[in-house]
Amino acid sequence: MIKITFPDGSVREFASGITSMEIAKSISEGLARKVLSAEVNGVVWDLSRPIETDATIKLLTWDDAKGKNTFWHSSAHLLAEALEALYPGVKFGIGPPIDNGFYYDIDLGDRTISAEDLPQIEQKMKELAKQSNPYARKGVSKKDALAYFTEKGDEYKLELINDLEDGSITFYSQGNFTDLCRGPHIPDTGFIKAIKLLNVAGAYWRGSEKNKMLTRIYGITFPKQSELDEYMNMLEEAKKRDHRKLGKELEIYTTDDMVGQGLILWLPNGAAIIEQLEKLAKKKEEQAGYVRVKTPHIAKENLYLTSGHLPYYADSMYPPMELEGVKYYLKSMNCPHHHRIFSAMPRSYRDLPLRLAEYGTCYRYEESGALFGLMRVRGMNMNDAHIYCTEEQFVEEFRAVTDMYLNYFKIFGIDKYVMRFSTHAPEKLGQKYLDNPDLWKKTEDMVRKVMDDAAIPYIEVPDEAAFYGPKIDIQIYSAIGREFTLATNQVDFGQPLRFGLKYIDKDNTEKMPLVIHRAPLSTHERFIGFLLEHYAGNFPVWLAPVQVAVLPISDKFNDYCNEVIKVLKNHEIRTFFDTRSEKIGRKIRDAEVKKIPYMLIIGENEMASGSVSVRKHGSGDAGSIPAADFAKQVQEEVNIIFQ
RNA sequence: GCCUCCUUAGCUCAGUCGGUAGAGCAGUUCAUUCGUAAUGAACGGGUCGUCGGUUCGAGUCCGAUGGGAGGCUCCA
């Protein structure tokens, strides 16, 4: 007999060799129908695998992330089985589960697969799923494994097997399909009731640009059709929030072939949002003791040789312009310019910390395939600043920057983010990282202390730091589920060295300052892209390009409307006056579609009483109040942000 | 950059078998002066992304190229 411990701590005895499925059945038939795999002593196992020692066990269902993983992994095998049936001779790469579904990488030789072929493959998968073929696990020797895939002619699997230890290799089979696989899998294909193949894409074998490009098929499956329907609905909803769609609909930005890819043309509405963001940044930075500077878009080659950006990053810089034998580059970073400002005059310890801020325009030649709406562009405006401080001041300064980030997140209601603390790898000092172990240790310890003291949750990622120092990246998630870096907060002791930055300390000796790079509001491009999706285009009053739409019932009230607009403008409120001879319902509809936060409906009653009827975007009629009171309320609503 | 797909009016899209382009919305003009999500009518608007090929004839078929989408790689 063996002892099985359950998650609630209870212990039951079973005969040795019992399977998780049998255990599930002993609990209830309902559970046995739902269970997908089991975590046995912390490792996810097939339900059919016999347990021969005392163990802690957790039965995994669709409600567990690990259960979903098993389900989707098995679905990938089902996809492979269908592909092999439809495209004999197809070769397989890898087919893992992912956050939302699974994929399989395949090599079809001369044949291609396109989106139109997916329904047919889906159909085949459904047919095979209905057969409820069990997933069978089998240990094989390395020799047999190699023989099997040599016979099959699948060089990708052979490459994988060659990297595996003999004795640790397992095959899984279902129906007519056998795959090299560590497992685990669900009991049989019949569990997979709803199947959707989402798209085809190219993917390099083993993720390297040097290798062959395989065809990747993405799909998702569910134990119930209703869950698939729900998921597809969610995808539809997410599409409506896509910043590229909203950016067009709300006339925020455009791009133009004649101007160039990745170069954003901001329309008046977008420019209005930019104005507000800059106003906010100015205010917050001024409060935090920053001073503003302005630097040009180009600089001589020597600046980037000194900073070290050339030649390592020349590929992602626009090529130089050469005039009178001198090369000029478009700047891809603001830091070198700021460093020269630091060095423009002798600096004393009394000048530190010196915080130089600028909404600087940078240009990076991103690969054409990497460009993506506002999120990845070639010309961008960074909310940049560089803080020059002494080692003693560093913790305080780094903390202040972190506080500023958190303050911004509160203002924008950003609560889903992850702080990634990227540190160096000691064995790569002198290659990937600047060779100064003391400074690495010192600065990493200081950053860790700031994060721990402030009790900010973060994940530490070794070997991801910048060449010149550790950094904190803030990862956020767009409404479409994409993860990207919004902002970064970096320590730099490399550039101060390269630029020979120094200050005169109390003891009259020269010392090198540390530099903090920070960009809490990212770039205008990426941040507004994010905000569009974050707010689904419903900008809060303070950011909305147009804050108040003034809608007369008929043009008889235009004069009174103009008086109201005058009052609004005196309160610095951005307005739109709809003078079309349309019915009020139409004007309201159009203002709602434009997502203008407030609409003022003005007719006979309002004119007589000197009031306005307020309608709030998305929530309807909000009653009428005196025009001056409304203006004051809106102004206060806005001012609160800038305090 | 690489793989797959897409590219028709300002926007969203239709266009059959290869026979010289169509709708809705938007725009302009006129009428209407209206109380909380679309008043009506008329009019204007396209070298079918560009270049080349096949064909008596190309929006339609083929090739190249620009741009876009989904991925991969990259992201100081």
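A quick note: this is a predicted structure, and the numbers were derived from the prediction, not measured.
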Using a 4.0 Å heavy-atom cut-off, does Phe484(A) contact any base of the nucleic acid, only the sugar-phosphate backbone, or nothing at all? nothing
Using atom C1' in both nucleotides, what's the gap between rG45(B) and rG22(B) to the nearest angstrom? 13 Å
Looking at Arg586(A) and rC34(B), is any side-chain donor or acceptor paired with a base atom of the opposite kind under 3.5 Å? no
For the ring pair Phe342(A) and His337(A), is the centre-to-centre distance below 6.0 Å? no
What is the nucleic acid contact for Glu606(A), judged by heavy atoms within less than 4.0 Å: base, sugar-phosphate only, or nothing? base
If only atom types and distance count, is the side chain of Asn436(A) paired as donor or acceptor with the main-chain N or O of Leu439(A) below 3.5 Å? yes
From rG70(B), rC72(B), rC34(B), pick the nucleotide closest to the side chain of Ala201(A)? rG70(B)
Hey, does the side-chain of Ser581(A) have a donor or acceptor N/O within less than 3.5 Å of a partner on the base of rU32(B)? yes
What's the gap between rG71(B) and rC30(B) when it is taken at their P atoms, as a whole Å value? 49 Å
Checking Glu606(A) against Ser613(A): is there a side-chain donor and acceptor pair closer than 3.5 Å? yes
Test of understanding: with side chain to side chain donor-acceptor pair (under 3.5 Å), list the residues that count as partners of Tyr253(A), not counting sequence neighbours. none
Can you tell me which stems involve RNA chain B, if a stem is defined as three or more consecutive Watson-Crick or G-U wobble pairs, both distances under 3.5 Å? B:1-7 with B:66-72, B:10-13 with B:22-25, B:27-31 with B:39-43, B:49-53 with B:61-65
Just checking Ser316(A): base, sugar-phosphate only, or nothing, at a heavy-atom cut-off of under 4.0 Å? base
So what does Lys587(A) touch, heavy atoms closer than 4.0 Å: a base, only the sugar-phosphate, or nothing? nothing
Check every strand shown and say whether Tyr103(A) touches a base, only sugar-phosphate, or nothing at a heavy-atom separation below 4.0 Å. nothing
Do the side-chain N and O atoms of Thr295(A) and Glu358(A) include a donor-acceptor pair separated by under 3.5 angstrom? yes
Out of rA38(B), rG66(B), rA31(B), which has the shortest distance to the side chain of Arg589(A)? rA38(B)
Given rU73(B), rU33(B), rG71(B), which nucleotide is nearest the side-chain atoms of Asp555(A)? rU33(B)
Is a donor-acceptor contact shorter than 3.5 angstrom present between the side chain of Arg376(A) and the base of rC75(B)? yes
Could you work out the separation of rG49(B) and rG59(B) based on their P atoms and round it to a whole Å? 10 Å
Atom C1', compared across rA21(B) and rA58(B): separation rounded to whole Å: 13 Å
Could you tell me whether Asn605(A) contacts a base, only the sugar-phosphate backbone, or nothing, with contacts defined as non-hydrogen atoms closer than 4.0 Å? base
Identify whether any heavy atom of Arg615(A) sits under 4.0 Å from a base atom; if not, whether one sits that close to sugar-phosphate; answer base, sugar-phosphate or nothing. base
Categorize Thr485(A) for me: base, sugar-phosphate, or nothing, with a 4.0 angstrom heavy-atom threshold over every strand shown. nothing
Base, sugar-phosphate alone, or nothing: which one does Glu366(A) contact when heavy atoms must sit under 4.0 Å apart? nothing
Taking any heavy-atom pair under 4.0 Å as a contact, classify Phe467(A): base, sugar-phosphate, or nothing. nothing
Has the side chain of Ser307(A) got a donor or acceptor that lies under 3.5 Å from a partner of the other kind on the base of rA76(B)? no
So what does Glu249(A) hit on the nucleic acid, given a heavy-atom distance under 4.0 Å: a base, only sugar-phosphate, or nothing? nothing
When the C1' atoms of rA64(B) and rU7(B) are compared, how many Å lie between them, rounded to an integer? 16 Å
Pick base, sugar-phosphate or nothing for Gly308(A), based on heavy-atom distances below 4.0 Å to the nucleic acid. nothing
Contact nearer the 5' end of RNA chain B, comparing Asp621(A) with Arg580(A): Arg580(A)
Taking the P atom in each of rG10(B) and rA38(B), what is the distance between them to the nearest angstrom? 28 Å
Can you tell me how far P in rA14(B) sits from the matching atom in rC61(B), rounded to whole Å? 15 Å
With rounding to whole Å, what would you report as the distance between rC13(B) and rC48(B) at their C1' atoms? 14 Å
Counting the atoms with a prime plus P, OP1 and OP2 as sugar-phosphate, which does Ala203(A) contact under 4.0 Å by heavy atoms, base, sugar-phosphate, or nothing? sugar-phosphate
Under 6.0 Å between ring centres: does that hold for Tyr598(A) and Phe630(A)? yes
Just call it for Lys556(A): base, sugar-phosphate, or nothing, with non-hydrogen atoms closer than 4.0 Å on any strand. sugar-phosphate
Within 45° of the ring axis of Tyr365(A) and under 6.0 Å from its six-membered ring centre, is that where the NZ or CZ of Arg378(A) lies? yes
When Gly262(A) and Tyr468(A) are each assigned the nearest nucleotide of RNA chain B, the 5'-most assignment goes to Gly262(A)
